[in-house]
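Written below as structure tokens is the structure these notes are about.
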Amino acid sequence: MSRFPFPLRFSIPVILLLFGSVLGLVSFQREVSRSNTRTEQEISQEAKFSASQTSGLLEYQYRHADGKGAELTISQIGTAPNIRLALLYDENNRVIFSTRFELRNRLIKDTPASNQLSLIEKVRQTRSGKIILSEDEQTLMAIYPVVLGSLSRDILPSRVGVLFLEYNLADLKAQAYRNAWERSLVYSATLALLCTVLWLFFYKTLTLRVAQLVLASNSLAQGNLNVRVNLQGSDELAKISNAFDRMAEEIQNNTEELHKKQKQLKQALYSLKETQSQLIQAEKMSSLGQMVAGIAHEINNPVNFIHGNLNYVEEYTQDLLSLVHLYQEHYPNASLKIAEQAEEIDLKFMIEDFPKLLTSMKVGTERICEIVTSLRNFSRFDESDLKNVDIHEGIDSTLLILQHRLKDTLNSPSIEIIKEYGHLPKVECYAGQLNQVFMNIISNGIDALLELKGNKIREIRIRTEVKDSDWVRVAIADNGPGITPEVQPRIFDPFFTTKPVGSGTGLGLSISYQIIVEKHGGRLSCISAIGKGTTFLIEIPVGLKS
Ligand SMILES: Nc1ncnc2c1ncn2[C@@H]1O[C@H](COP(=O)(O)OP(=O)(O)OP(=O)(O)O)[C@@H](O)[C@H]1O
Ligand SMILES: [Mg+2]
């Protein structure tokens, strides 16, 4: 049977119960019928014996004309335990003697044997006795011929009477039924005990062990590879259990091996990606740094040249102007040509404006010098070692590089930078790399703000503070669209980007994470709320070496 719909823990007891009940019922039925048959046989034997003896005795008594003796015989047989009625009919079927006095002298039709008339006649003719059972099987009747006497001319005796004995089977059968019932009860109890023992046996050897197997298979299917059945013995279930355990062992070993390999592969992939991202970013940053450093260097010389000479220019100009004044004092009436020329060049205005012009030129060259210093500061191209630096300088020079992205354009309003700088000590760090982090995070903030629609004021708030006396914290917060909870756990993954192809490599934050966490032993975290903005927290120890 390939499909059995009931679990063993139900089917075995149910089968045993059914089996026990059917067996008990059948045995009860058989007991009852056997008892009935036995009772009938015993009574019929007894009836045969008593009837033939009594008929013989009666014949003897009649031959000796012992009427009293015959009457005594009938009344005596009536006292036998199972006989309900004893009658002696004469040759005309009239009752001669009866155990019931009121039936005496009655004709057969008025007696309980009325419906056995034909049988009585047959018995009389054949001269042989009969034992019969009533239709309801509750009464047994013995009908025996009794020769009452004969006339001298008769060859055969002419007066043939009939002895009628009625046995009561009902009480005997009821007793037999009770006995059968008691025997069956004992039998059923024994059977129930046997079935219980059988059930216990099957429960221990089959149900319980199969349940263990099922439990173990389910557990294994759910991924618990440590599970074992460990059934003892040498039967089929123990063999299945052994096979199962070996299989589980193998699966566990293979899975562990697989996990190990998977881990190694993941590790390899991770370091590959890391190296790749480092390479790309390093390339990107180094070309940017190189370019910035190159431009700064190129600009530096001519600007220094101009700035340095401006002082002389100012001095010479002052000298020239005082000379012109002197000329005007000594030669108040200049020649026409000189007066015309002075008029044409607006000498008066020129004398007034020239110093101002020089001052603004000086301010301009100073600004250029500042920008050059900032650019060099940002690139820190020549500084790959740990240095004590001012973090604010790094942030400012980064902002300078990103200045062009903060101004308003056709498509977006300007972005305001709010600086909330605290008093920071100099921090021992890899300055160039730290600037790279500021660059990545501020750039991301700008990208996010550019995505905003409407006229909302866009701002990036940069707050610096000392934390726990020997840590520095820089918080860079934008009020952009924020990062969704699904994206948040992935932002530090290498190559993860939500930006369109070509505009983001997805490396900025993963590199920043490496720089802060691995290079500086610091922490980099992100707090973001949809619609409110994103804050990146950069935390690094003040003294890296210590
Ligand atoms: N301030 C921010 N606001 C909203 N989303 C941000 C912010 N910063 C980072 N993200 C999300 O994190 C992702 C990963 O940032 P990451 O800087 O690593 O890569 P990227 O900016 O996409 O590319 P790349 O920096 O290499 O040009 C971004 O694509 C963006 O979805
Ligand atoms: Mg980025």
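One-based numbering, in listed order, for ligands and for the atoms of each.
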Close side-chain approach of [X] and [Y], heavy atoms under 4.5 Å:
| X | Y | value |
| --- | --- | --- |
| Leu452 | Arg458 | yes |
| Ile516 | Leu434 | yes |
| Leu326 | His330 | yes |

Per-residue contact class, [X] against ligand 1 - non-hydrogen pairs under 4.0 Å:
| X | result |
| --- | --- |
| Asp447 | neither |
| Ile483 | side chain |
| Thr534 | side chain |

Any [X] heavy atom less than 4.0 Å to ligand 1:
| X | answer |
| --- | --- |
| Gly506 | yes |
| Asn440 | no |
| Phe536 | yes |

### Message
Run Glu249 and Asp245 through side chain to side chain contact (heavy atoms under 4.5 Å, CB included) and show every step you take.
### Response
CA-CA 6 Å; Glu249 183 88 40; Asp245 288 352; over 6 Å; no

For [Y], does its backbone N or O pair with a side-chain atom of [X] as donor and acceptor, under 3.5 Å?
| X | Y | result |
| --- | --- | --- |
| Thr534 | Ala529 | no |
| Ser219 | Leu215 | no |
| Arg463 | Ala475 | no |
| Arg209 | Thr205 | yes |

### Message
Within this structure, what is the CZ-CD1 distance for the pair Phe202 and Ile15, rounded to the nearest 0.5 Å?
### Response
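Those atoms lie 9.5 Å apart.
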
### Query
From Leu237 CG over to Leu213 CG, what is the distance, rounded to the nearest 0.5 angstrom?
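It comes to 6.0 Å.
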
Going by the atom numbers of ligand 1, which of them fall below 4.0 Å from some non-hydrogen atom of [X]?
| X | value |
| --- | --- |
| Ile491 | 11 (C), 12 (O), 14 (C), 18 (O) |
| Thr497 | 20 (P), 22 (O), 29 (O) |
| Ala448 | 2 (C), 3 (N), 4 (C) |
| Thr498 | 28 (C), 29 (O), 30 (C), 31 (O) |

### Task
Could you count the protein N, O or S atoms found under 2.8 Å away from the Mg ion (ligand 2)?
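The number of such protein atoms is 1.
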
### Task
Assess the side chains of Asn440 and Tyr513: does a donor N or O sit below 3.5 Å from an acceptor N or O?
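No donor-acceptor contact under 3.5 Å links the two side chains.
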
### Query
In terms of ring plane angle, is the pair His520 and Tyr430 parallel, tilted or perpendicular, where the classes change at 30° and 60°?
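His520 vs Tyr430 ring planes: perpendicular.
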
### Query
Could an N or O of ligand 1 be found under 3.5 Å from any N or O of Ser510, whether backbone or side chain?
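Between Ser510 and ligand 1, no N or O pair is found under 3.5 Å apart.
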
### Query
Below 3.5 angstrom, do we get any N/O pair linking Leu509 and ligand 1?
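Yes, there is a polar N/O contact under 3.5 Å.
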
